[in-house]
Amino acid sequence: MNVKKTLTTYAVLLVIAVALVLAVVSFELSTREGGAALLLHALSDGLFTAAVLYIGLSLLVLIQEAGNFYGIQFLFYTLTHLFISRRENGQQRKTYFDYCMEKKEQRAAEGKSPVKSAMLLTGLACLALSLLFTVLFYRV
């Protein structure tokens, strides 16, 4: 696995998470009066939002990599090729089996992507920090 690609993936996901947390925190701080308790509450909410998004998206990527969305993808493939004349480019209509085999070969040729595991780990880290700020909120 390419270390530079992995580090870049984690850096991009971290920047997006920080931007999301800052957006939620700034919204919550602008709607209420300030204080240490409110800041801890806002940080917990922001980190929890990032955690839910990242964990949810990583689970969707996991499901997609397992091939569970091939049916929907094949539907869109069929609909787009329905309006394109096959006589012009000499293509015959693919079956669902052929489409799935082609997708699996493409995935094998591309190799393993670090995005799924990076999103899951970033989401779990955000969830842990959210729980920490929640505990600190109830102690204040």
Side-chain angles (χ1 to χ4, degrees):
M1 191 180 319
N2 190 355
V3 175
K4 188 174 182 179
K5 184 177 180 180
T6 304
L7 290 176
T8 304
T9 303
Y10 276 100
V12 168
L13 289 174
L14 186 62
V15 167
I16 293 170
V18 167
L20 183 62
V21 169
L22 289 176
V24 171
V25 168
S26 66
F27 175 75
E28 286 199 11
L29 291 179
S30 68
T31 58
R32 300 185 213 154
E33 293 183 22
L38 178 63
L39 180 63
L40 291 172
H41 184 267
L43 284 170
S44 176
D45 286 350
L47 286 164
F48 186 74
T49 302
V52 167
L53 286 174
Y54 277 165
I55 292 171
L57 287 175
S58 67
L59 290 176
L60 281 175
V61 169
L62 177 74
I63 291 169
Q64 187 264 339
E65 284 183 353
N68 292 330
F69 292 135
Y70 284 166
I72 296 170
Q73 292 172 352
F74 182 70
L75 173 69
F76 286 115
Y77 168 81
T78 304
L79 288 175
T80 56
H81 283 77
L82 181 68
F83 299 107
I84 298 172
S85 175
R86 281 182 229 96
R87 289 180 225 130
E88 294 175 1
N89 50 10
Q91 287 183 334
Q92 291 211 346
R93 185 176 177 180
K94 285 184 190 175
T95 64
Y96 180 67
F97 178 78
D98 293 335
Y99 183 82
C100 290
M101 289 296 117
E102 184 179 295
K103 284 290 188 180
K104 287 180 183 180
E105 289 171 4
Q106 284 177 352
R107 180 156 295 116
E110 291 172 358
K112 187 176 178 181
S113 173
V115 174
K116 177 182 60 178
S117 60
M119 281 181 23
L120 183 61
L121 290 175
T122 305
L124 291 175
C126 288
L127 183 63
L129 287 172
S130 174
L131 292 174
L132 175 71
F133 282 118
T134 302
V135 168
L136 292 174
F137 169 75
Y138 283 111
R139 287 194 177 180
V140 170

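Just so it is clear, the structure is predicted and the values come from calculations on it, not from any experiment. Residue numbers start at 1 and run along the sequence shown.
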*Heavy-atom count around F27 CZ within 6.0 Å, excluding the residue itself: above 12?*
no
*asked:* Do L47 and V25 land in one hydrophobic cluster if side-chain heavy atoms of ILVMFWY residues count as linked below 4.5 Å?
replied: yes
Mind listing the side-chain donor-acceptor pairs of residues 7-18 below 3.5 Å, one per line with the distance, residues two or more places apart or on another chain?
unit_1, atom_1, unit_2, atom_2, d
T8, OG1, K4, O, 2.7
T9, OG1, K5, O, 2.8

*Do L60 and Q64 have side chains that get closer than 4.5 Å, going by heavy atoms?*
no
*Can you hop from M101 to F69 via hydrophobic side chains spaced under 4.5 Å?*
no
_Over all atoms of both residues, closest heavy-atom pair of R107 and E65_ = NH1-O, 3.4 Å
_Pair L59-I55, side chain to side chain contact (heavy atoms under 4.5 Å, CB included): steps then yes or no_ = CA-CA 6 Å; L59 290 176; I55 292 171; 4.3 Å; yes
*Does L53 reach the side chain of L20, with side-chain heavy atoms less than 4.5 Å apart?*
yes
_Separation between CD of E102 and OH of Y77, rounded to the nearest 0.5 Å_ = 6.5 Å
*Taking S117 for the side chain and P114 for the main chain, is one N or O donor matched with an acceptor at less than 3.5 Å?*
yes
*What about M119 and L62, same hydrophobic cluster or not, with Ile/Leu/Val/Met/Phe/Trp/Tyr joined at side-chain heavy-atom distances under 4.5 Å?*
no
*So do L120 and Y54 actually touch side chain to side chain, heavy atoms under 4.5 Å?*
no
*Quick one: CZ on F74 to NZ on K94, what's the gap to the nearest 0.5 Å?*
9.0 Å
_Do L124 and V115 land in one hydrophobic cluster if side-chain heavy atoms of ILVMFWY residues count as linked below 4.5 Å?_
no
*So if you build clusters from Ile, Leu, Val, Met, Phe, Trp, Tyr with side-chain heavy-atom gaps below 4.5 Å, do V24 and L43 land together?*
no
_Distance (rounded to the nearest 0.5 Å) between L38 CG and E33 CD_ = 9.5 Å
Throw together a table of side-chain donor-acceptor distances under 3.5 angstrom for residues 131-140, partners on residues two or more places apart or in other chains.
unit_1, atom_1, unit_2, atom_2, d
T134, OG1, S44, OG, 2.6
T134, OG1, S130, O, 2.8

*Would you please classify the geometry between the Y99 ring and the Y70 ring as parallel, tilted or perpendicular, with 30° and 60° separating the classes?*
perpendicular
*Rounded to the nearest 0.5 Å, what's the gap from CG on L29 to NE2 on H41? Could you check?*
11.0 Å
